[in-house]
A.B. asks: 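Below is one structure. I have some questions about it.
Below, each value reflects all heavy atoms present in this structure, side chains not excepted, and no hydrogens, waters or symmetry copies. Every value quoted in this text rests on a predicted model; they were computed, and no experiment measured them. A note on names: the letters A, B, ... follow the listed sequences, proteins ahead of strands, and every chain is numbered from 1.
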Amino acid sequence: MQEKPATAERTIKLDSTVRVRFAPSPTGGLHVGSARTALFNWLFARHAGGVVVLRIDDTDVARSETRHEESILEDLRWLGLDWDEGPDTGGPVGPYRQSERLERYRAAAAALLATGHAYHCFCTEERLEALRAEQRAAGVTPRYDRRCAALSSEEAGRRLAGGEPAAVRFAVPAAEVAVDDALRGVVTVGASALGDFIILRSDGVAGYNFATAVDDAAMGITHVIRGDDHLTNTARQLLLLRALDALPPRYAHHGMILDPEGGKLSKRHGATSVGEFRELGYLPQALVNYLALLSWSHGEEEILEPEHLVTEFELERLSPSAAAFDRGKLDWLAHEHVMRLDPEEHARRFAARLPAGTPPQAAAALAAAAQPSLSAYGEAPAFAAAVLEPPQLDEAAVALVGGAREQLEHLAEARAVAAEWLEPAAARALLAAYREWGAARGLSAKRLLMPLRLALTGREHGPELHYVLAALDRATALDRVREALDRADPSSSAKGARP
RNA sequence: GCCCCCAUCGUCUAGCGGCCUAGGACACCGGCCUUUCAAGCCGGCGGCACGGAUUCGAAUUCCGUUGGGGGCACCA
């Protein structure tokens with residue numbers, strides 16, 4: 001018996017308002033993969049002027065935790081992905097936690113039982129496990145053998161009345177299911193690959209596919225954008241929706257995120273959760289931009305702010321293939337976003353990452369020095385420490401400093417009569433005068449400045465020197481120069497130390 | 001094992017039968033700038049997985065192979 005595609009004749013009304021949902025499971029933090037899926041849904045809905053629903057899929061009672069729900073909401077907010085209806089805000093089709101909707105699932109299951117679309121199953125876990133092992137060994141797709149479907153209603157009723165635990169299974173029709181995917185066209189899944197799955201566990205809690213189908217219908221969800229790992233689930237949900245006589249949403253299955261080697265994304269390759277990227281100090285708009293660019297593109301433009309993404313997003317341009325997570329490209333994009341940030345906003349974020357007690361003048365100078373090169377604010381402490389922490393000069397550095405005594409003493413004199421703190425511009429002017437003075441004596445910029453850098457920071461590399469000078473107060477700068485000179489030639493310290 | 005999906009530079013992608021001796025971005029390499037390292041700017045390297053078929057013409061369509069990914073729970 002051939003059956004026509006389920007969705008073809010049941011398309012969503014064109015004039016209906018777009019309604020999408022994020023449906024995270026609170027069994028852990030928000031993964032970048034889930035965040036990207038949420039982002040696509042959000043972009044699609046916001047672009048269309050639609051409604052975003054946040055639904056907590058917490059039917060896994062054993063693994064769901066409130067603290068995870070809270071952290072997911074926090075991560076979503078941090079990313080700027082807001083919702084119109086959800087467990088915190090409420091809404092017309094609530095409640096928005098599946099654990100609070102169990103009665104609805106039971107009622108729907110009862111309806112399916114009554115119409116013969118579902119049946120009670122008394123099989124034990126042990127039997128099911130053995131069955132699966134057997135099937136696997138025989139090289140066939142493991143699936144329920146429908147033993148309990150053959151039970152007469154009298155017998156089932158008798159066993160139920162006797163208190164025997166029973167789950168409810170959906171009777172999958174022996175036909176093919178056609179998923180009309182927005183990105184892939186019609187994908188046909190043989191029902192033989194599905195098996196009669198459980199819609200209500202023996203403890204009375206709904207299974208994932210059932211709760212999802214019931215809620216997508218009850219909440220008026222018009223579009224479901226999700227990873228292609230859900231393709232076979234979609235077939236199940238379509239069957240369920242049809243049995244429930246409900247209109248299915250439009251589905252779009254995008255590709256998944258892979259690790260840099262093309263495998264499954266895992267911790268082995270660094271941060272994988274939104275929370276980790278936040279802690280590393282990435283700008284949320286940068287992570288959003290990067291995630292959007294994995295599987296989606298907009299011409300040659302790559303650096304896009306969230307508002308821009310909303311106006312340009314088109315579902316049809318989502319790629320059906322998988323994409324590897326590239327930390328290098330994320331860092332480049334993040335860097336671009338840092339450079340575009342308002343300098344004051346940047347300085348505020350930078351300073352917030354510095355140790356307590358860092359002088360504001362130092363923080364300001366270092367922030368200005370760092371803006372053209374940072375990718376994430378987690379880099380701030382090390383960037384600042386390289387300048388602020390007492391310098392450690394090695395032998396070579398000491399020798400270089402010793403060879404530049406005259407220049408350094410001249411610079412120290414100039415610094416000694418200047419303000420306690422120098423703005424970067426003032427420091428730059430001071431250095432310009434120093435270079436002029438040196439040039440008149442035939443000293444190259446390098447011979448003037450490298451010894452100074454070494455004396456001040458002990459390092460060959462670092463921010464431009466005027467920022468270094470601006471980050472150190474007068475006393476500290478002078479102490480460092482004198483100390484370095486002292487080490488170069490202790491005997492001349494009396495000469496070197498001027499009032 | 002069975003079922004499903006995917007397949008353009010190392011990576012993300014543009015390309016939707018002739019505008020393609022395949023464009024952009026990251027990375028990489030080289031140069032410039034420069035007190036250093038970065039950053040920035042300029043240039044270079046580098047790809048249609050393979051085999052058939054359709055067509056006057058294929059990266060673009062179809063079939064197969066190979067490769068990768070996903071699914072196959074009283075998890076979601």
A.B. asks: Between B/G70, B/A76, B/A73, which nucleotide has the shortest distance from any of its atoms to the side chain of A/P142?
C.D. replies: B/A73
A.B. asks: Considering only side-chain heavy atoms of A/D57, which listed nucleotide, B/G40, B/U13, B/A76, is closest?
C.D. replies: B/A76
A.B. asks: Quantified in whole Å, what is the P atom distance between nucleotide B/C5 and nucleotide B/U61?
C.D. replies: 16 Å
A.B. asks: A/E302 has an atom CD; how far is it from atom P of B/A14, in whole Å?
C.D. replies: 11 Å
A.B. asks: When the P atoms of B/C72 and B/G46 are compared, how many Å lie between them, rounded to an integer?
C.D. replies: 44 Å
A.B. asks: Between CG of A/L287 and CG of A/L333, what distance do you get to the nearest 0.5 Å?
C.D. replies: 10.0 Å
A.B. asks: Between B/C74 atom P and A/D145 atom CG, what is the distance in whole Å?
C.D. replies: 12 Å
A.B. asks: How many whole angstroms separate atom CG of A/N289 from atom P of B/C26?
C.D. replies: 13 Å
A.B. asks: Nearest whole Å is fine: how far is B/G24 P from A/I303 CD1?
C.D. replies: 16 Å
A.B. asks: In whole Å, measure the gap between the P atoms of B/A59 and B/G44 for me.
C.D. replies: 24 Å
A.B. asks: Distance from A/Y282 atom OH to A/D331 atom CG, nearest 0.5 Å?
C.D. replies: 3.5 Å
A.B. asks: For B/C26, which nucleotide is its Watson-Crick or G-U wobble mate, given both distances must be under 3.5 Å?
C.D. replies: B/G10
A.B. asks: Atom CD of A/E261 to atom P of B/G69: distance rounded to whole Å?
C.D. replies: 12 Å
A.B. asks: Grab the CZ-P distance between A/R226 and B/C5 for me, whole Å please.
C.D. replies: 16 Å
A.B. asks: Measure the CG-OG distance between A/L39 and A/S34 for me, rounded to the nearest 0.5 Å.
C.D. replies: 12.0 Å
A.B. asks: B/C12 P sits how many Å from A/W332 CH2, rounded?
C.D. replies: 16 Å
A.B. asks: Using the C1' atoms only, state how far B/U55 lies from B/A49, rounded to an integer number of Å.
C.D. replies: 23 Å
A.B. asks: I want to check a possible cation-pi pair here: A/R226 against A/Y251, using under 6.0 Å from ring centre and within 45° of the ring axis as the test.
C.D. replies: no
A.B. asks: CZ of A/R146 to CG of A/D196: how many Å apart, nearest 0.5 Å?
C.D. replies: 4.0 Å
